[in-house]
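What follows is a set of notes on a single structure, which appears directly below.
On a predicted model such as this, the values are computed, not experimentally measured, just so you know. What you see below is based on every heavy atom in this structure, not just the backbone, and it leaves out hydrogens, waters and symmetry mates.
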There are 2 protein chains.
Amino acid sequence: MYGQYCGLARASDVVGERWGLLIVRDLLVRDQRFGDLKRGLPRIPTNVLTKRLKTLEEAGVVERKLLTSPRNTVVYSLSEFGRDLEDIVLALGRWGAKLLGEADLDEIVTPESLVMALRSTYRPEAVGQTSASYELHVGDVVLHAIIDQGKLSVEPGEYRGAALTITAGPAIRAVMAGELTPAEAVESGAVALEGEVTLFDQFAATFRI
Amino acid sequence: MYGQYCGLARASDVVGERWGLLIVRDLLVRDQRFGDLKRGLPRIPTNVLTKRLKTLEEAGVVERKLLTSPRNTVVYSLSEFGRDLEDIVLALGRWGAKLLGEADLDEIVTPESLVMALRSTYRPEAVGQTSASYELHVGDVVLHAIIDQGKLSVEPGEYRGAALTITAGPAIRAVMAGELTPAEAVESGAVALEGEVTLFDQFAATFRI
DNA sequence: CTGGATCCCTCACGATACTG
DNA sequence: CAGTATCGTGAGGGATCCAG
């Protein structure tokens, strides 16, 4: 399509089209059904989603699995080749995060986007070999991050027993970008804490744009 | 444009549009004038190139410089922020290289694409602390790679005094992918060597898809 | 209800010609 | 050389509809 015999051109063909990498992002968090993807990417037309999934499948990035367990449904899953995109998606998300200012009013945050945001901004050197656990609420989105001896796991959903529960709006980005100190964020009411509130400083140091 | 408050979505806005990353690729090799970019990307319409350059400039990825030295001309150059894309472009090119089969007849190889191909497939562990220098000819494209104590430099153009000069077609990919042994490639005439021909084995081990 | 297919409209892209 | 102008086409956006 670009007329170039070049790896980057081939990659652009497969995952460089509109919506392509966002679909991969969501699949990196967990397997998804068609409707899940549509819910996570509300602005994508269904015909485009269908087309992208077909392209990705033909390129060996995505696998289409038929589930018979509850009833016949389709699940989309990344192949091993597709999973190789993880570091690239994380790096590109980290790069693009520097372009994030305030959120537009019509912009949403999804569980998948936030999970990848935390995974991409994680700084192992900030935590050393310590451990911690956070439950994060941003709007309706709930996810949790567990750091076990320096190893990070971020997943969607609640985590009972999190050491610290953080409730915030998109302003959480300002904290992660260092534009707002943790103390200021709490004071202004932009962030609410529950649990070991002193851990919030560590959170802000651990996830950094 | 995607309705998501997400770093990856912002990155897709800026460099994810058609031709975007290929323009960045070419600028990673060297500063380029409008005509240089057009020559390196023959299939891009000039109005699209104009638009992309404007988008990239507004995002702070590209800087537009006015040269007065020979005469008034414009040169496009990556900003520091734009240079941060280097590892991502290399990784994505490496990933996409796995999708490269035979070249289509209408596909071209440019100096920029080949330079980045070598940079992205370089395996430092294959050379250790040794040194070597290669001049590579693929079609009309000439470039050279110099490895000095394990440190790689790949640039367009000739290099007088290269230890080994390699002349090949797109089949050089098959060697780098391990589908063709260096010996087979030479025997079949797909690759011609000049200089320290025994170095070709090392070349094939050093640049690996 | 899920997993799409279809329709229609718009706009971005592609090709080419032209200008300061 | 560095774009701008014009115009045709195809892909994307949005809503609705349909089959299992």
Side-chain angles (χ1 to χ4, degrees), chain A residues 1-4 9 12-24 26-27 30-59 62-77 104 106-108, chain B residues 1-4 9 12-24 26-27 30-59 62-77 104 106-108:
Chain A
M1 303 216 334
Y2 293 91
Q4 306 226 340
S12 296
D13 281 343
V14 175
V15 296
E17 288 173 300
R18 202 155 159 63
W19 297 106
L21 280 180
L22 293 181
I23 293 170
V24 172
D26 285 6
L27 290 172
R30 48 185 167 183
D31 291 357
Q32 308 250 10
R33 290 175 302 173
F34 189 91
D36 297 331
L37 289 165
K38 175 64 181 160
R39 248 187 308 287
L41 268 21
R43 302 254 266 249
I44 193 176
T46 57
N47 55 353
V48 174
L49 179 53
T50 300
K51 193 175 172 189
R52 291 291 173 277
L53 287 170
K54 191 169 301 183
T55 301
L56 291 169
E57 190 190 353
E58 286 168 358
V62 160
E63 286 162 3
R64 197 172 186 278
K65 296 178 180 170
L66 288 149
L67 290 193
T68 52
S69 45
R71 71 175 135 290
N72 284 12
T73 67
V74 182
V75 167
Y76 295 93
S77 175
D104 275 12
D106 58 350
E107 286 185 321
I108 63 170
Chain B
M1 305 218 332
Y2 293 92
Q4 306 225 342
S12 297
D13 283 342
V14 174
V15 297
E17 287 173 300
R18 202 156 158 64
W19 299 105
L21 280 180
L22 293 181
I23 294 170
V24 171
D26 285 5
L27 290 171
R30 48 185 167 183
D31 291 357
Q32 308 250 10
R33 289 175 304 172
F34 190 91
D36 297 331
L37 289 165
K38 174 64 181 161
R39 245 187 311 285
L41 269 17
R43 301 253 266 251
I44 193 175
T46 55
N47 54 354
V48 173
L49 178 53
T50 301
K51 194 175 172 189
R52 290 292 173 278
L53 287 169
K54 192 169 299 182
T55 301
L56 290 169
E57 190 190 353
E58 286 169 356
V62 159
E63 286 163 4
R64 196 172 186 277
K65 297 178 180 170
L66 288 149
L67 290 192
T68 53
S69 45
R71 71 176 137 289
N72 283 12
T73 68
V74 181
V75 167
Y76 295 92
S77 175
D104 275 11
D106 59 349
E107 285 185 321
I108 63 170

- Query: Does OP1 or OP2 of dG3(D) have a side-chain N or O of Tyr76(B) closer than 4.0 Å?
  - Reply: yes

- With DNA chain C as reference, determine whether Gly35(A) or Met1(A) sits nearer its 5' end, using the nearest nucleotide of each. Gly35(A)

- Message: One pair to check against side chain to side chain contact (heavy atoms under 4.5 Å, CB included): Asp106(B) and Arg43(B). What are the steps and the verdict?
- Response: CA-CA 11 Å; Asp106(B) 59 349; Arg43(B) 301 253 266 251; 3.8 Å; yes

- Interatomic distance where CG belongs to Asp106(B) and P belongs to dA15(C) [whole Å]: 11 Å

- Query: Arg18(B) side chain: which of dG3(C), dG13(D), dG14(C) is closest?
  - Reply: dG14(C)

N/O-N/O pairs, protein side and nucleotides 5-8 of chain D side, under 3.5 Å:
unit_1	atom_1	unit_2	atom_2	d
dT6(D)	O4	Asn47(B)	ND2	3.2

- Message: For Ser12(B), is there any backbone N or O sitting under 3.5 Å from a side-chain donor or acceptor partner on Arg18(A)?
- Response: no

- Task: Could you check Pro45(A) against Thr50(B) and say which one's nearest nucleotide on DNA chain D is further toward the 5' end?
- Result: Thr50(B)

- Check the distance between dC13(C)'s P and Leu41(B)'s CG and give it to me in whole angstrom. 14 Å

- Run the numbers on Leu53(A) and Glu57(A) for side chain to side chain contact (heavy atoms under 4.5 Å, CB included), then give the verdict. CA-CA 6 Å; Leu53(A) 287 170; Glu57(A) 190 190 353; over 6 Å; no

- Could you list the residues that satisfy side chain to side chain contact (heavy atoms under 4.5 Å, CB included) with Lys38(A), not counting sequence neighbours? Ile44(A), Thr46(A), Leu49(A)

- Query: Roughly how many Å is it from CG in Leu49(B) to P in dT4(D), rounded to a whole number?
  - Reply: 11 Å

- Query: Got a second to check how far Arg33(B)'s CZ is from Leu67(B)'s CG, nearest 0.5 Å?
  - Reply: 9.0 Å

- Leu66(A) has an atom CG; how far is it from atom P of dG3(C), in whole Å? 10 Å

- Short side-chain N/O contact to dC13(C) OP1/OP2 from Arg52(B), under 4.0 Å: yes

- Message: What's Lys38(B) touching, base or sugar-phosphate or nothing? Going by heavy atoms closer than 4.0 Å.
- Response: nothing

- Task: Grab the CH2-C1' distance between Trp19(B) and dC13(C) for me, whole Å please.
- Result: 11 Å

- Once you round it to whole Å, what is the distance between C1' of dG3(C) and CG of Leu67(A)? 13 Å

- With a 4.0 Å cut-off on heavy atoms, is Arg64(B) in touch with a base, just the backbone sugar-phosphate, or nothing at all? sugar-phosphate

- Query: Does the ring of Phe34(B) carry Arg64(B) above it, NZ/CZ under 6.0 angstrom from centre and within 45° of its axis?
  - Reply: no

- Note on the structure: Between CG of Asp36(A) and P of dT2(C) the distance, given in whole Å, is 9 Å

- Whole Å only: how far is the CG atom of Leu22(A) from the C1' atom of dG12(D)? 15 Å

- Message: Looking at Gln4(A) and Gly40(B), would you say the former's side chain and the latter's main chain have a donor-acceptor pair under 3.5 Å?
- Response: yes

